[in-house]
Amino acid sequence: MNKYRSHNCNELRRKDVGQKVLLSGWINKKRDHGNLLFLDLRDNYGITQCIINKDSSSFKELEKIQLETVIKIEGKVIDRSKETFNKEIPTGEIEVSINNFSTLGTCKELPLPVFSDQEYSEEIRLKYRFLDLRRKKIHENITLRSKVISFIRSEMGKYGFLEFQTPILTSSSPEGARDFLVPSRLNPGKFYALPQAPQQFKQLIMVSGFDKYFQIAPCFRDEDARADRSPGEFYQLDLEMSFVEQEDVFNVVENLLINTFKKFSNKKLVSEKFPRISFAESMLKYGTDKPDLRNPLIINDITEIFFREDVSFEIFKKLVKSGSKVRCIKTNDTKNKPRSFFDGIDKWAKEQGASGLAYFTFEEDDKIFAKGPVGKFFSEEALKEIMKITHAEVGDSIFLACDKQGNLEKITSMAREKIGRNLNLIDENTFAFCWIVDYPMFELNDQTKKIQFSHNPFSMPQGEKDKINFGNPLEILAYQYDIVCNGIELSSGAIRNHIPELMYKLFAIAGYDRKQVDEKFSGMINALSFGAPPHGGIAPGIDRIVMLLANEKNIREVTMFPMNQNAQDLMMNAPSEISDYQLKELNLSLKSKK
RNA sequence: GGGGGUGUAGCUCAGUUGGUUAGAGCGAUCGCCUGUCACGCGAUAGGUCGAGGGUUCGAGUCCCUUCACUCCCGCCA
């Protein structure tokens, strides 16, 4: 028999009444009636109410004992009378009468209460993460994370994928995010990089003939944090398949995600086939490549209206002439919304750094007219044209903004979300997935005006390889795709370019000559020259999947030991200074601190 | 690097127009209480009002600087 417990704290029921039991756990809560003490004992599994009265020799000691002390109790399971059942917990029909107890782990005065629904500052939670993790909600989140990961593992096994580990110490890559670097002792002056993703390795695994690979892979990127982005490290379900086209990857991942979300959440899936939206369409209709499809609002381009003679909105007309565009969001049946609703949105837009959002509402007496501060600038004909483009009816309103395309996309995208929330159009009880497909291979860097890879340089360009229009690289699309759910980018992937000659051509466009490519990507290029299968894959973000399933807005709520926004671990005191000896061994010297 | 929010007791927060000795709940300590499950009741301790500077007869409150945490922009192939 186990020394510490015969049962866990969620096991005992009425059928156990009369049994002598051993329970161990934390003191969750005490209720002291002077001559009678109730004590809730908690472990990973649940809570059992224990009871002791003043006749017992242990009574005085238990009365004084600190919450969160770890104790072992020896006692007898007894029946509760019906009026005293606790329906909140599964063990609520019994209690354990304490015969004696021993302390297994003492507890100092707590810096934060464990048994409480209060919220605490991140600082105190992260510093005392081991206490924070005892609390119900986050304890359940972390447990959920474990279950989701093991479910995914077993599913991937069923689909015939093999799980492999890839190196953590690898080489720095010129593209992408900032690397975390690790100095090499044996190779003075040289550095390893932690992998931003096992990108090259997974392709090499395909070249090695393993056909289907996956890994719950740690990824390291030295970029600034966001609510849905941990600083430093995160996990991806990294997977890669040989002899596949985009469709084959989609099938596997759609199945996996749908099974996972059905199993671990009660929220409705808007559609079991993920709709596919091209990058270009998404940027136009939603202003972003991660649209929240729960939001029914759509953005329309109405730039052409501002070339008309019968539109006198001179500010916009002038901007349009110099290359700006006008885009708008239509809201249904908002004619009775108070002025404050419209002005609130306009004010909000200005706070976001835009020049505001103009608005008007379609109304009708003997003819169509627009009500609102800028309504007078539009003729009836122009209004009818806008109604046609936006599928608007009388009573609907239009919010419009004018700017250069990039800024315009940003503000209309944010406005779509803001207006959708204000009008309560977003159903929080659903998951709306979609594929974003047909990403451009290249993009123009705004600052340098040079052409660069827009996503992954190893993606396969679309089209027959001899017919691709290399003269107009910005037109080249890639077999590059993202999964988005509720406005959160869950994963991105691609069919890879396994043809070295084609890869040299593409890298040349991005400004790398053959020699540079050979140097920077020697492992890859070399491998692709020795019989590489066509292959492709994707890498869904585990943390974000769990975040959605746990209904959390912040990734730290599903991460066991996260760092804070400044990439510090307040509990372990990382990063920390190192000794002169360590520096010397690594051939490093520090610039003097300012 | 930039913008917003927050910072008052161990924890969560209140604090009026600048005005006497800065409050509450939880927690801690002490006492009372035999059916609670957010037990109840009474008492006690606990404060560099994030830090520094300024304005003022007087600053938790106003101004400036700065620090920490957080959200966002930039960044994240």
Side-chain angles (χ1 to χ4, degrees), chain A residues 28-41 47-55 59 63-64 66-68 78 80-89 91-92 95 107-128 131-132 173-179 196-197 199-200 219-232 234 290 351-354 407 410-411 414 439-443 445-447 452-459 478 480 482 489 492-494 506-507 510 520-521 539 541 553-554 556 564-566 568 570:
Chain A
N28 193 56
K29 190 72 189 165
K30 287 187 299 182
R31 289 172 297 280
D32 186 355
H33 290 235
N35 293 314
L36 178 74
L37 173 68
F38 296 101
L39 186 155
D40 293 337
L41 198 68
I47 286 179
T48 301
Q49 174 167 285
C50 303
I51 185 167
I52 188 167
N53 70 44
K54 68 163 188 257
D55 303 332
F59 183 79
E63 237 188 341
K64 298 287 171 226
Q66 277 277 351
L67 295 184
E68 295 303 311
I78 57 175
R80 291 203 214 180
S81 66
K82 200 161 186 182
E83 321 82 69
T84 63
F85 283 178
N86 182 353
K87 295 194 183 76
E88 305 294 316
I89 54 175
T91 60
E95 59 200 5
C107 181
K108 297 197 290 189
E109 188 177 341
L110 294 163
L112 62 91
V114 172
F115 175 70
S116 165
D117 291 328
Q118 272 177 25
E119 306 223 7
Y120 313 96
S121 71
E122 292 278 335
E123 200 174 357
I124 201 99
R125 291 183 60 193
L126 294 183
K127 184 164 180 197
Y128 296 97
L131 291 178
D132 190 38
S173 68
E175 294 280 326
R178 220 174 274 116
D179 283 319
Q196 296 181 24
Q199 180 62 37
Q200 293 191 56
C219 303
F220 306 90
R221 295 177 192 175
D222 187 5
E223 298 293 350
D224 288 351
R226 289 289 183 278
D228 64 350
R229 202 166 84 202
S230 291
F234 61 98
K290 37 184 180 179
E351 283 164 8
Q352 305 309 307
N407 289 336
K410 197 168 293 165
I411 188 62
M414 291 196 306
Y439 276 81
M441 190 85 212
F442 298 101
E443 67 190 10
N445 184 310
D446 282 341
Q447 274 129 44
Q452 60 187 27
F453 289 108
S454 68
H455 271 70
N456 187 327
F458 302 121
S459 297
Q480 165 86 42
D482 275 15
E489 184 190 319
S492 98
L506 296 170
F507 268 100
K520 293 289 184 189
F521 305 101
K553 294 216 160 27
N554 192 301
R556 290 186 298 276
N564 71 10
Q565 196 170 42
N566 294 322
Q568 299 160 337
L570 298 175

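Each chain gets a letter, A, B and so on, in the order its sequence line appears, and its residues count up from 1. The analysis underlying the following values was restricted to heavy atoms, covering all of them including side chains, and did not include hydrogens, waters or symmetry mates.
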Looking only at side-chain N and O atoms, does A:Asn564 come under 4.0 Å of OP1 or OP2 in B:rC69? yes
Checking all strands, does A:Arg556 fall into the base, sugar-phosphate, or nothing category for heavy-atom contacts under 4.0 angstrom? sugar-phosphate
Side chain of A:Glu123 only, please: which of B:rC71, B:rA68, B:rU34 is the nearest? B:rA68
Quick one: label A:Pro113 by what it contacts on the DNA or RNA (base, sugar-phosphate, nothing), any heavy atom closer than 4.0 Å. sugar-phosphate
For atom CZ of A:Phe59 and atom P of B:rU34, their distance in whole Å: 9 Å
Please enumerate all residues that pass side chain to side chain contact (heavy atoms under 4.5 Å, CB included) together with A:Asn53, with sequence neighbours excluded. A:Leu36, A:Asp55
Can you measure A:Glu122 atom CD to B:rC11 atom P for me and round it to whole angstrom units? 15 Å
Taking only the side-chain nitrogens and oxygens of A:Gln118, find out if one of them lies under 4.0 Å from OP1 or OP2 of B:rC13. no
Using the P atom on both, measure B:rA45 against B:rC30 and round to a whole Å. 15 Å
So what does A:Ser492 hit on the nucleic acid, given a heavy-atom distance under 4.0 Å: a base, only sugar-phosphate, or nothing? nothing
Apply side chain to side chain donor-acceptor pair (under 3.5 Å) to A:Ser116 and list each qualifying residue two or more places apart in sequence or on a separate chain. A:Tyr120
Does B:rC26 have its OP1 or OP2 closer than 4.0 Å to a side-chain nitrogen or oxygen of A:Lys29? no
Would you classify A:Tyr120 as touching base, sugar-phosphate or nothing, given that sugar-phosphate means primed atoms plus P, OP1 and OP2, and contacts are heavy atoms under 4.0 Å? sugar-phosphate
Is there a side-chain contact between A:Lys30 and the phosphate of B:rA28, meaning an N or O under 4.0 Å from OP1 or OP2? no
When you measure from the side chain of A:Lys64, which nucleotide among B:rC30, B:rC71, B:rC75 comes out closest? B:rC30
Taking a pair as Watson-Crick (N1 to N3 plus N6-O4 or O6-N4) or G-U wobble (N1-O2 and O6-N3), both under 3.5 Å, which stems of 3 or more consecutive pairs involve RNA chain B? B:1-7 with B:67-73, B:10-13 with B:23-26, B:28-32 with B:40-44, B:50-54 with B:62-66
Are any of A:Arg31's side-chain N or O atoms less than 4.0 Å away from OP1 or OP2 of B:rU36? no
A:Glu109 side chain, from C-beta outward: closest of B:rG35, B:rA68, B:rG27: B:rG27
Does A:Arg226 have a side-chain nitrogen or oxygen under 4.0 Å from the phosphate oxygens OP1 or OP2 of B:rC73? yes
Counting just side-chain N and O atoms, does A:Asn86 come under 4.0 Å of either OP1 or OP2 of B:rU36? no
Check every atom of B:rC72, B:rG31, B:rC76 against the side chain of A:Ala227 and return the nucleotide holding the closest atom. B:rC72
